[in-house]
Amino acid sequence: MRIPEFNESISVKEAREIQEKLRKEVITVDSYSKPIKNLLAMDVSYLKAGDELGAIALLYSYPELNLLEESFVRKKSTFPYIPGLLAFRELPPLLEAMKGIKSEIDILLVEGQGIAHPRRFGIASHLGVLLDTPSIGCAKSLLWGKHSGVEKGKGSYAYILDQEEIIGVALRTREGARPIYVSQGHKVSLDTAGEIVLSLVKTYRLPEPLRSAHIKSKLMMTGMV
DNA sequence: GCGACAG
DNA sequence: ATCTTGTCGC
């Protein structure tokens, strides 16, 4: 898979303009032909002190979830964390990590929002559009929109709304745990995104691939491995 | 001005 | 995101 260049020296204003321009490319209906046979889980970890980011990409077979490939890179941060502009901070290292993955990728699972974003262009949508690959956004907390209460049982959900528009789902993946926030990244419908995420949940709140990515990137970053 | 605010 | 042990609750 060819990885595009990413302009890392832009202003906050330009970043928002890029989102407004690229949001037009997002496709929010299922738009892939071949069955999904693998999935790339991606996450970024930090160190308490310092300005380095550690990005990891784990390729799993789907739906068996056997780890097929793994790539990790460290990179200096070039953009601050600003709500709504997370992609400009984390995409550079994530794209770098993807260069270490040899196989063709069927779908991307990204830590963060898809279209559940003020400009409908969270990091998962951004990555999906740049690579023209189906992607799903999966976040641990809400950035944009409102939702009603979610029933107690696993699999229950409530739509995330911005006015009248549905921009994602608050999905209960485990009883007694707060819901997670799933939204279309690119080329997948909300239904499909929710179904895939739920199929990846085993024992914990987070889907297994993202949970592993969290743990592994943290270990790599702290030099524990 | 006030409140909200992915990682 | 990150700093951190025990502890309350199902």
Side-chain angles (χ1 to χ4, degrees), chain A residues 6 8 12 15-16 18-19 22-23 26 41-57 72-97 108-129 135-147 151-154 160-163 167-186 190 193 197 203-207 209-224:
Chain A
F6 192 86
E8 301 183 38
V12 167
R16 295 203 179 91
I18 288 172
Q19 293 182 328
L22 294 180
R23 65 180 292 181
V26 177
M42 318 186 73
D43 187 37
V44 174
S45 60
Y46 302 68
L47 288 181
K48 53 179 178 181
D51 54 349
E52 267 200 332
L53 311 186
I56 196 166
F72 175 84
V73 300
R74 314 173 61 115
K75 195 174 186 307
K76 282 191 91 175
S77 98
T78 55
F79 202 88
Y81 168 68
I82 297 172
L85 299 180
L86 176 67
F88 295 88
R89 178 171 176 74
E90 299 194 345
L91 281 190
L94 284 176
L95 289 169
E96 209 56 47
L108 307 164
L109 182 64
V110 187
E111 176 87 52
Q113 317 292 347
I115 66 167
H117 177 280
R119 289 171 292 284
R120 307 290 185 272
F121 204 67
I123 189 169
S125 297
H126 201 144
L127 193 54
V129 166
S135 65
I136 296 172
C138 185
K140 299 186 297 300
S141 63
L142 192 62
L143 167 67
W144 195 254
K146 308 286 184 189
H147 69 83
E151 298 299 313
K152 188 178 183 180
K154 176 177 179 178
I160 300 171
L161 302 171
D162 181 357
Q163 304 302 313
I167 59 176
V169 287
L171 178 65
R172 181 139 273 148
T173 52
R174 176 181 177 166
E175 267 193 43
R178 294 174 300 121
I180 60 175
Y181 302 87
V182 178
S183 59
Q184 297 103 312
H186 185 49
L190 182 54
V197 168
T203 320
Y204 304 94
R205 179 168 84 121
L206 290 179
L210 278 187
R211 176 181 151 79
S212 295
H214 263 306
I215 296 172
K216 280 202 171 187
S217 63
K218 179 66 177 177
L219 288 176
M220 297 291 284
M221 201 57 185
T222 54
M224 296 296 292

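Just so it is clear, the model here is predicted, and its values are computed rather than measured. The sequence lines fix the lettering, A, B, ..., with proteins before strands; numbering per chain opens at 1.
The line from CZ of Arg172(A) to CZ of Arg205(A) is 9.5 Å long, rounded to the nearest 0.5 Å. With rounding to the nearest 0.5 angstrom, the NZ atom of Lys152(A) is 13.0 Å from the CZ atom of Arg174(A). For the atom pair CZ (Arg211(A)) and OH (Tyr204(A)), the distance works out to 4.5 Å, reported to the nearest 0.5 Å. Taking NE2 of His117(A) as the start and CD1 of Ile160(A) as the end, the distance is 13.0 Å to the nearest 0.5 Å. Glu90(A) contributes atom CD, which lies 10.5 Å from atom CE of Met42(A) (distance to the nearest 0.5 angstrom). Rounding to the nearest 0.5 Å places OG1 of Thr173(A) at 4.5 Å from CD1 of Ile180(A).
Counting heavy atoms from C-beta on, the side chains of Leu143(A) and Pro118(A) come closer than 4.5 Å.
Here dA6(B) presents its C1' atom at 13 Å from CG of Leu210(A), a figure rounded to the nearest Å. As rounded to whole Å, 7 Å separates atom C1' of dG7(B) from atom NZ of Lys140(A). The interatomic distance linking Leu47(A) (CG) with dA1(C) (C1') rounds to 10 Å, in whole Å. For the pair Leu91(A) CG and dG7(B) P, the computed distance is 15 Å after rounding to whole Å. If you measure from atom CZ of Arg16(A) to atom C1' of dC5(B), you get 12 Å, rounded to the nearest angstrom. In this entry the distance linking CG of Leu142(A) with C1' of dA4(B) reads 10 Å, nearest Å. What separates CD1 of Ile123(A) from C1' of dG7(B) is a distance of 8 Å, to the nearest Å. In this structure, CD of Gln113(A) is placed 7 Å from P of dG7(B), rounded to the nearest angstrom.
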I'd like a list of close polar pairs between nucleotides 5-10 of chain C and the protein, N/O only, cut-off under 3.5 Å.
none

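Applying the salt bridge (Lys or Arg N to Asp or Glu O under 4.0 Å) rule to Arg16(A) yields no partners; only residues at least two apart in sequence or on another chain are considered. With sequence neighbours excluded, the residues that form a side-chain contact (heavy atoms from CB on, under 4.5 Å) with Val129(A) are Glu25(A), Val26(A), Phe121(A), His186(A).
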Secondary-structure notation, DNA chain C, from Watson-Crick and G-U pairs under 3.5 angstrom (| other strand): ..........

5'-to-3' dot-bracket of DNA chain B (Watson-Crick, G-U; under 3.5 angstrom; crossing pairs as [ ]; | other strand): .......

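Atom CD of Glu52(A) has more than 12 neighbouring heavy atoms from other residues, nucleotides or ligands inside a 6.0 Å radius.
At dG7(B), none of the side-chain N or O atoms of Ser45(A) fall inside 4.0 Å of OP1 or OP2 (strictly under the cut-off). Between Lys218(A) and dA1(C), a side-chain N or O to OP1/OP2 separation shorter than 4.0 Å is absent.
Residue Glu111(A) is in sugar-phosphate contact alone, with no base atom involved, counting any heavy-atom pair closer than 4.0 Å across all strands shown. No engagement by Gly176(A) is indicated, since no non-hydrogen atom pair under 4.0 Å with the nucleic acid exists. Across all strands shown, Glu90(A) has heavy atoms under 4.0 Å from sugar-phosphate atoms exclusively, and none from any base.
At a non-hydrogen distance threshold of 4.0 Å, Tyr81(A), Pro83(A), Gly84(A), Leu85(A), Leu86(A) from residues 81-89 of chain A come into contact with DNA chain B.
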Intermediate values then yes/no, side chain to side chain contact (heavy atoms under 4.5 Å, CB included), Arg89(A) and Leu53(A): CA-CA 9 Å; Arg89(A) 178 171 176 74; Leu53(A) 311 186; 4.0 Å; yes

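Between Phe88(A) and Phe79(A), the ring-plane angle classifies as tilted under the 30° and 60° cut-offs.
A donor-acceptor pair under 3.5 Å links the side-chain atoms of Gln113(A) to the main chain of Ser141(A), judged by distance alone.
Closest non-hydrogen pair, Ser217(A) versus Ser45(A), comes out as O-OG, 3.1 Å.
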